[in-house]
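To start, the structure under review is shown below, and the notes come after it.
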Amino acid sequence: MALRLYPIFKEEVYRRRDHMMRWTAIGAGSLVAILCLILLTPAAHSLTTASRLLLACATFLQALAYMGIILQQHARHQQAKQQLIKIEQTLGLFGESTRTANDTFYPDAWKTDWTRDRSLLQYMTILSLLTGITLVAILLPNL
């Protein structure tokens, strides 16, 4: 049973990581597009205060939606990774191999390295900074 589940969970780990990167790129791209529109469109400089506030709120909500999707994918990535490690332990991939003494297929650090993953922080930082820059451009047009 573990042999059947192993490739499924292995693929799930990679798929969730890919989704996190993809949604970060989509979110960053949309924020950069909004920023370019605000900075490069002459009509954007004549927006009313109410219009600027609405645009700023919509931009902020959009960024929050992307961050929420990324957080959801991250949680699923972690769950899949935990399950994958359990399957790997069941398969004996952390035990000593028959090749040489104290030689394992996977190092012990493999079981815990994923808990120190900084990618979520990087994704959120990128989106937060781009959101802040875009909001400044929307709310302070004369800069």
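At a threshold of 4.5 Å between side-chain heavy atoms, the hydrophobic network of Ile, Leu, Val, Met, Phe, Trp and Tyr places Val13 and Phe9 in one connected group.
Once rounded to the nearest 0.5 Å, the distance linking CD1 of Ile8 with CG of Leu84 reads 11.5 Å. With rounding to the nearest 0.5 angstrom, the CG atom of Leu5 is 5.0 Å from the CD1 atom of Ile87. The line from OG of Ser128 to CD1 of Ile133 is 11.0 Å long, rounded to the nearest 0.5 Å.
Across every non-hydrogen atom of Ala137 and Ile38, the tightest pair is O-CG2, 3.5 Å.
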Check your understanding: Which is it for Lys81 and Asp117 under the side chain to side chain contact (heavy atoms under 4.5 Å, CB included) test, yes or no, and what are the steps along the way?
Key -> CA-CA 12 Å; Lys81 185 66 176 179; Asp117 183 18; over 6 Å; no

Point to revise | Full working for side chain to side chain contact (heavy atoms under 4.5 Å, CB included) between Leu47 and Ile138 | key: CA-CA 9 Å; Leu47 288 173; Ile138 292 169; over 6 Å; no

Practice item. Mind running side chain to side chain contact (heavy atoms under 4.5 Å, CB included) on Leu53 and Leu139 for me, showing each step along the way? Key: CA-CA 7 Å; Leu53 286 174; Leu139 295 172; 3.9 Å; yes

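The stretch residues 44-54 participates, sequence neighbours left out, in no salt bridge (Lys or Arg N to Asp or Glu O under 4.0 Å) pair at all.
Side-chain contacts under 4.5 Å among hydrophobic residues (ILVMFWY), followed directly or transitively, place Met20 together with Met21, Trp23, Ile26, Leu31, Val32, Tyr66, Met67, Ile69, Ile70, Leu71, Leu120, Tyr123, Met124, Ile126, Leu127, Leu130.
Between Leu135 and Thr59, the closest side-chain pair of non-hydrogen atoms falls below 4.5 Å. Leu64 is not listed as a side-chain neighbour of Thr131, based on a closest heavy-atom distance of 4.5 Å or more.
Just one of Gln72, Gln73, His77 meets the side chain to side chain donor-acceptor pair (under 3.5 Å) condition when paired with Arg16; it is Gln73.
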